Enquirer: 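Before I ask anything, here is the structure I am working with.
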Amino acid sequence: MSGNFRLLKEDSQTSARLGLLTTRRGVVETPVFMPVATAGSVKAVPPEVVAGLSARVILANTYHLWLRPGPEVIRRAGGLHRFMNWPRTILTDSGGFQVFSLAPLREILEEGVRFRSHLDGAELFLTPEESLAIQEALGSDIRMVLDVCIPYPCPRQETQRLTDLTHAWAERSLSWWKRQDPQGALLFGIVQGGMFEDLRRASARTLVSLSFDGYAVGGLSVGEPKELLFRMLEVSVAELPADCPRYLMGVGTPEDILEAVARGVDMFDCVLPTRNARRGTVFTSQGSFHIRNAAYKEDFRPLDPACSCYTCRHYSRAYLRHLFQAGELLVYYLLTVHNLAFYLRFLREIRKALREGRFSAFRQEFYAQKEERAC
Ligand SMILES: CNc1nc2c(CC[C@H]3O[C@@H](OC)[C@H](O)[C@@H]3O)c3nc(N)[nH]c(=O)c3cc2[nH]1
Ligand SMILES: [Zn+2]
């Protein structure tokens, strides 16, 4: 819909591409990883540090911020950027996923979703228009339409019904959007269709015919086998315009991201680097490991010798293990900084490989190193 995305280079051997997404808060090189700040904070790490790690976009969540502290508080604070002191791009998810993953006792109606708050059980009703009104109060730069995140598995007939509903809500979202002055904010549609190739293709085509600024592929990374995730991704992306950004929601491990980039995805969000850090699991160039392992009790090396992040420059595995065992809060900060640095560096390396026309060699090297580790 809006020409905010420029294709800079397409890989010769795969569908991978290097792009530039311009939002009203800055320019974002793609493929990009977006740290998750669901409730308005990248857990345990201040925004200046997240920006210092080169993050250009973070992701917040309509459902969580709607329930607490409420959109009016954030609107009166001057919007989410001011409220959380993040001056760069913010993408807000619509709440479609949380209503199905968090809220109990829900009812999907034509008009919207009725459910009970996971915080206090209060009865709530979320419509496509209300989700966009909340995102408007938050003042995010990229907004997602309210969709139905179809669970896995789901019978074909129910998949068709929920996908049709998602399309009706997408249409209502766009007509609401056209009645507003979005002031340069972008609106993304979300492809559903469950695990049925024909429903996936039809969903992508329907959303493209409505014309959005970008397209997310939803309803994946919901417990399905990897080969199904990538097959449904391929058939969805095949129907999406090359000159619009594609966002694969909730994915994933470094390998999943690499494979999705190879299939033409530009944008990623995932809780893995931040959530795993708080659980003591770290990502490194030698694979991932759990810091509480006794093997690290007197291991005075950094988490990853190939990492130059603050944590790796100043602290050893032994110290980080000690903090984790002692329940010292500092370890959340130190491990999250490292995992985010790892993910953001990984995407930087992917963009560099694409820029230099050696993406396939980079991908082969990634698997060769993985093989080596396995021996
Ligand atoms: C993990 N797998 C996965 N995440 C997904 C999310 C974001 C979760 C959202 O919830 C929070 O992360 C758990 C973040 O705020 C994130 O934006 C999705 N969101 C929407 N609207 N529709 C989907 O079909 C959908 C599918 C997903 N699959
Ligand atoms: Zn590090």
Side-chain angles (χ1 to χ4, degrees), residues 34-43 53 57-66 90-103 113 126 128 131 135 140 142-152 154 159 162-163 166 169-170 173 188-194 200 203 215-224 229 232-233 236 247-253 256 260 267-275 277 282-286 291 301-317 320 333-346:
M34 305 181 283
V36 171
T38 293
S41 126
V42 175
K43 290 179 171 49
L53 292 170
V57 198
I58 55 151
L59 192 133
N61 199 278
T62 301
Y63 170 84
H64 291 270
L65 294 169
W66 180 37
I90 296 178
L91 182 149
T92 41
D93 192 6
S94 57
F97 183 81
Q98 275 70 33
V99 172
F100 296 89
S101 62
L102 277 180
V113 192
L126 188 58
S131 176
Q135 296 179 71
S140 51
I142 304 173
R143 301 173 192 175
M144 307 307 292
V145 299
L146 183 66
D147 60 324
V148 179
C149 174
I150 294 171
Y152 174 78
C154 181
T159 300
L162 296 175
T163 299
T166 288
W169 290 358
S173 301
F188 280 23
I190 305 179
V191 175
Q192 292 294 341
R200 278 271 164 195
S203 182
Y215 299 91
V217 179
L220 295 178
S221 184
V222 288
E224 76 281 7
L229 187 160
M232 292 307 116
L233 175 63
S236 303
Y247 163 26
L248 176 55
M249 307 189 86
V251 171
T253 65
D256 295 345
M267 300 165 71
F268 299 91
D269 90 274
C270 186
V271 294
L272 271 183
T274 40
R275 186 179 292 173
V282 291
F283 290 92
T284 79
S285 51
Q286 310 302 314
I291 195 64
R301 294 174 296 172
L303 290 175
D304 185 347
C307 182
S308 60
C309 84
Y310 167 74
T311 303
C312 290
R313 278 186 283 114
H314 296 284
Y315 305 99
S316 67
R317 295 172 180 190
L320 294 164
Y333 175 91
L334 295 174
L335 297 187
T336 303
V337 161
H338 168 76
N339 278 357
L340 283 178
F342 180 87
Y343 262 69
L344 293 163
R345 180 174 58 249
F346 184 57

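Whatever order the structure lists ligands and atoms in, that order sets their numbers, starting from 1. What you are looking at is a predicted structure, and each value in this text was computed from that prediction instead of being measured.
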Enquirer: Within the structure provided, determine whether Met249 and Asp269 are in side-chain contact (heavy-atom separation under 4.5 Å).
Expert: yes
Enquirer: Arg275 to ligand 1: N or O pair under 3.5 Å?
Expert: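 No: no nitrogen or oxygen of Arg275 is under 3.5 Å from one in ligand 1.
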Enquirer: Hey, can you tell me if Tyr333 and Tyr310 have their rings parallel, tilted or perpendicular (30° and 60° cut-offs)?
Expert: perpendicular
Enquirer: How does His64 reach ligand 1, if at all, at less than 4.0 Å between non-hydrogen atoms: by side chain, backbone, both, or neither?
Expert: neither
Enquirer: Does ligand 1 have a heavy atom under 4.0 Å from the side chain of Gln192, from its backbone, from both, or from neither?
Expert: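 For Gln192, the contact with ligand 1 is made by the side chain alone.
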Enquirer: Answer with side chain, backbone, both or neither: which part of Leu59 has a heavy atom less than 4.0 angstrom from an atom of ligand 1?
Expert: side chain
Enquirer: Measure across Gln192 and Asp147 and return the closest heavy-atom pair with its distance rounded to 0.1 Å.
Expert: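 The answer is NE2-OD2, 2.8 Å.
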Enquirer: Would you say the side chain of Ile190 lies within less than 4.5 Å of the side chain of Phe97, judging by non-hydrogen atoms?
Expert: no
Enquirer: Nearest 0.5 Å, please: how far is CZ in Arg317 from CG in Leu303?
Expert: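 Leu303 atom CG to Arg317 atom CZ measures 6.5 Å (nearest 0.5 Å).
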Enquirer: According to side chain to side chain contact (heavy atoms under 4.5 Å, CB included), who are the partners of Thr284, at least two apart in sequence or on a separate chain?
Expert: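 For Thr284 the side chain to side chain contact (heavy atoms under 4.5 Å, CB included) partners, ignoring immediate neighbours, are Val282, Gln286, Phe289, Asp304, His338.
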Enquirer: Can you tell if the side chain of His314 reaches within under 4.5 Å of the side chain of Leu334, non-hydrogen atoms only?
Expert: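 No, side chains not in contact.
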Enquirer: In terms of residue, atom name and distance, what is the protein heavy atom nearest to atom 22 (N) of ligand 1?
Expert: Asp147 OD2, 2.7 Å
Enquirer: Taking distance alone, with no angle check, do Tyr247 and ligand 1 share an N/O pair under 3.5 Å?
Expert: no
Enquirer: Purely on distance, is any nitrogen or oxygen of Cys149 under 3.5 Å from one on ligand 1?
Expert: no
Enquirer: Using a cut-off of 2.8 Å, find all protein N, O or S atoms closer to the Zn ion (ligand 2) than that distance.
Expert: Cys307 SG, Cys309 SG, Cys312 SG, His338 ND1
Enquirer: Assess Leu220 for proximity to ligand 1: is some non-hydrogen atom of it under 4.0 Å away?
Expert: yes
Enquirer: Run the contact test for Met144 against ligand 1 with a 4.0 Å cut-off on heavy atoms, strictly below, and give the result.
Expert: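 No, Met144 has no heavy atoms under 4.0 Å from ligand 1.
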Enquirer: Pick one of side chain, backbone, both or neither for how Ser221 approaches ligand 1, counting any non-hydrogen atom pair under 4.0 Å.
Expert: both
